[in-house]
There are 2 protein chains.
Amino acid sequence: MIRVLLAEDQGMVRGALASLLGLEPDIDVVAQVARGDEVLAAARSVDPDVALLDIEMPGATGLEALAELRGALPGCRILILTTFGRPGYLRRAMETGASGFLLKDAPAQELASAIRRAVAGERVVDPGLAAAALSEGESPLTAREHEVLAASRNYATVADIAGALYLSPGTVRNHLSSVMQKLDARNRAEALKFAEEKGWL
Amino acid sequence: MIRVLLAEDQGMVRGALASLLGLEPDIDVVAQVARGDEVLAAARSVDPDVALLDIEMPGATGLEALAELRGALPGCRILILTTFGRPGYLRRAMETGASGFLLKDAPAQELASAIRRAVAGERVVDPGLAAAALSEGESPLTAREHEVLAASRNYATVADIAGALYLSPGTVRNHLSSVMQKLDARNRAEALKFAEEKGWL
DNA sequence: GCCACGTCATGACATCTGTCATGGCTGATT
DNA sequence: AATCAGCCATGACAGATGTCATGACGTGGC
């Protein structure tokens with residue numbers, strides 16, 4: 001019997017996935033959590049064979065929960081299940097030790113088979129997505145550029161960003177300019193769009 | 001037996017919801033589609049009692065499919081199931097004749113009961129979301145302002161927007177200026193963010 | 001007929017943005 | 001010691017953006 005922990009914030013989807021897995025005779029959903037920061041405690045208490053983690057969750061992302069789990073329960077296989085086939089997500093997940101990366105777009109039957117393959121020690125990745133990840137590669141941005149770009153999502157003007165990061169407005173503009181050149185964008189907004197599409201956030 | 005049509009683009013979620021509904025003795029999922037523009041044809045062929053529609057789908061949105069269905073199969077109850085509790089979505093859905101509006105955040109058990117209540121003629125809406133919709137009201141934007149703002153998602157510069165809509169750059173700036181004042185935004189980007197959060201798109 | 005409103009447009013203005021050159025500082029590499 | 005990349009900052013410049021006044025046109029309501 002394969003013991004599965006299920007982490008997914010949307011109640012409807014979580015319940016539905018549980019019922020889907022409940023149809024499998026060799027799979028048992030032993031824990032369900034709705035927040036990223038509840039994954040570790042739940043996993044410690046039930047010691048699952050496989051953890052199925054959504055990425056977008058309150059508290060902590062699935063990728064953060066993945067890192068915690070790897071440290072605390074090295075024997076537990078981890079599958080990431082997400083809406084977005086962002087190559088950056090895939091790369092980070094696999095580098096952090098995930099056993100697989102599933103898209104919610106994939107057919108429902110693949111879920112159970114992915115779990116069985118993960119338990120058998122295989123790594124499960126959508127082939128097309130893997131190719132995209134390799135071709136698109138990592139973010140070309142430096143840590144600071146990444147930070148400034150991320151802050152520009154929440155603050156409307158350069159002055160606001162500068163205030164939030166304790167930088168001079170000129171520095172913020174320089175960083176953003178560098179970001180735009182690297183991403184071949186004509187705009188802060190366009191740069192943001194491109195970075196989000198690639199999963200670099 | 002309640003005959004249900006299920007429209008949801010993500011295969012994993014669609015299959016999971018189907019299995020969830022399959023547990024209910026009085027509910028039968030008689031059709032599944034992955035695209036908004038396949039809803040009508042499928043509904044015509046199986047004549048379901050209830051159509052469960054996701055909003056975000058390729059081909060046509062759930063709200064568009066809703067409008068088609070109301071015209072073609074007036075007896076069919078329609079439930080909207082979506083990730084985003086945007087008051088604008090809710091308002092449009094209910095005005096177009098939906099029997100209910102469910103959030104994927106809600107507990108899984110609510111799905112079956114919502115379907116039964118819809119069949120019984122009730123209208124099913126999350127109380128908190130309904131209150132938010134009433135308080136936030138409708139979009140204050142005119143049709144043209146709305147259109148220009150929407151176009152600014154896809155085009156980076158004023159010149160691009162103007163070209164796409166066959167307007168002069170000055171006119172586009174005027175419309176956007178008016179939008180920003182109405183939404184109390186300091187930016188095109190901020191205005192876009194606000195409008196998206198409210199579901200005015 | 002008059003008025004309000006939405007649409008489209010132009011021109012002028014102030015401000016914001018993005019680019020570039022330049023320079024100082026740090027830490028890592030050679 | 002010398003070099004390089006990243007980080008921070010400043011100043012100057014061009015171009016984009018947002019605001020405002022103004023005016024034309026059509027529609028619909030009173």
Side-chain angles (χ1 to χ4, degrees), chain A residues 88 91-92 95 136-201, chain B residues 88 91-92 95 136-201:
Chain A
R91 170 179 293 269
R92 263 184 286 166
E95 281 172 356
E136 296 203 352
E138 280 182 272
S139 166
L141 306 181
T142 69
R144 206 56 169 158
E145 286 164 356
H146 180 275
E147 198 174 347
V148 172
L149 184 63
S152 78
R153 285 184 306 174
N154 306 323
Y155 300 95
T157 69
V158 169
D160 289 349
I161 301 171
L165 299 181
Y166 302 102
L167 292 175
S168 93
T171 302
V172 170
R173 289 201 282 157
N174 286 339
H175 281 308
L176 287 176
S177 179
S178 162
V179 166
M180 289 182 278
Q181 285 181 319
K182 286 180 179 177
L183 301 190
D184 196 24
R186 287 172 300 173
N187 255 340
R188 205 183 316 176
E190 205 175 36
L192 212 41
K193 204 175 70 174
F194 289 168
E196 279 182 346
E197 282 169 3
K198 302 241 180 178
W200 297 332
L201 197 130
Chain B
R91 170 179 292 271
R92 262 183 287 166
E95 281 174 355
E136 296 202 352
E138 279 182 90
S139 165
L141 306 181
T142 68
R144 207 56 168 157
E145 285 164 356
H146 180 275
E147 198 174 348
V148 172
L149 184 63
S152 79
R153 286 184 305 176
N154 306 323
Y155 299 94
T157 70
V158 168
D160 290 349
I161 301 171
L165 299 182
Y166 303 102
L167 292 175
S168 94
T171 302
V172 170
R173 290 202 281 159
N174 286 339
H175 281 309
L176 287 175
S177 178
S178 161
V179 167
M180 290 182 277
Q181 284 181 320
K182 287 181 179 176
L183 302 189
D184 196 23
R186 287 171 300 173
N187 257 340
R188 206 183 314 177
E190 204 175 35
L192 212 41
K193 204 175 71 174
F194 290 167
E196 278 182 346
E197 282 169 3
K198 302 241 180 177
W200 297 334
L201 198 127

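Residue numbering restarts at 1 for every chain, and letters A, B, ... go by the order of the sequence lines. Note that the structure is a prediction, hence the values are computed from the model and not measured.
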Distance, rounded to the nearest Å, where [X] contributes [atom1] and [N] contributes [atom2]:
| X | N | atom1 | atom2 | value |
| --- | --- | --- | --- | --- |
| B:R144 | C:dC5 | CZ | C1' | 16 Å |
| A:Y166 | D:dC7 | OH | C1' | 19 Å |
| B:L192 | D:dG18 | CG | P | 11 Å |
| A:R188 | D:dT17 | CZ | P | 12 Å |
| B:E147 | C:dC8 | CD | C1' | 13 Å |
| A:L149 | D:dC7 | CG | P | 14 Å |
| A:L141 | D:dC7 | CG | P | 10 Å |
| B:M180 | D:dA16 | CE | P | 16 Å |

Can you tell me if the side-chain N/O atoms of [X] get under 4.0 Å from OP1 or OP2 in [N]?
| X | N | value |
| --- | --- | --- |
| B:R186 | D:dG18 | no |
| A:H175 | D:dC8 | yes |
| B:Q181 | D:dC20 | yes |
| B:T171 | C:dT10 | no |

Determine the contact category for [X]: base if any of its heavy atoms lies under 4.0 Å from a base atom, sugar-phosphate if only primed atoms, P, OP1 or OP2 are that close, otherwise nothing.
| X | result |
| --- | --- |
| A:R173 | base |
| B:L176 | nothing |
| A:N187 | sugar-phosphate |

**Study point:** A:R186 versus B:A156, closest heavy-atom pair with distance
**Key:** NH2-CB, 3.6 Å
Exercise for review: Can you see which heavy atom on A:A191 is nearest to which on A:L183, and at what distance?
Suggested key: O-CD1, 3.5 Å
Check your understanding: Does any donor-acceptor pair link the side chain of B:N174 with the base of C:dC8 at a separation under 3.5 Å?
Key -> no
Check your understanding: Closest to the B:S177 side chain: D:dG18, C:dA9, D:dT17?
Key -> D:dG18
Point to revise | Listed nucleotide nearest any side-chain atom of B:L167, set D:dT10, C:dA9, C:dT19 | key: C:dA9
Point to revise | Residues B:E196 and B:K193 bridged, charged N to O under 4.0 Å | key: no
Check your understanding: Is atom CG of B:D184 surrounded by more than 12 heavy atoms (other residues, nucleotides or ligands) closer than 6.0 Å?
Key -> no
Check your understanding: Mapping A:A185 and B:T142 onto DNA chain C by nearest heavy atom, which one lands closer to the 5' end?
Key -> B:T142
Study note, to complete from the structure: By nearest-heavy-atom nucleotide on DNA chain C, the more 5' of A:A159 and B:A143 is B:A143
Exercise for review: Quick one: do B:R92 and B:E95 satisfy salt bridge (charged side-chain N to carboxylate O under 4.0 Å, His left out)? Show the steps, please.
Suggested key: CA-CA 5 Å; B:R92 262 183 287 166; B:E95 281 174 355; over 6 Å; no
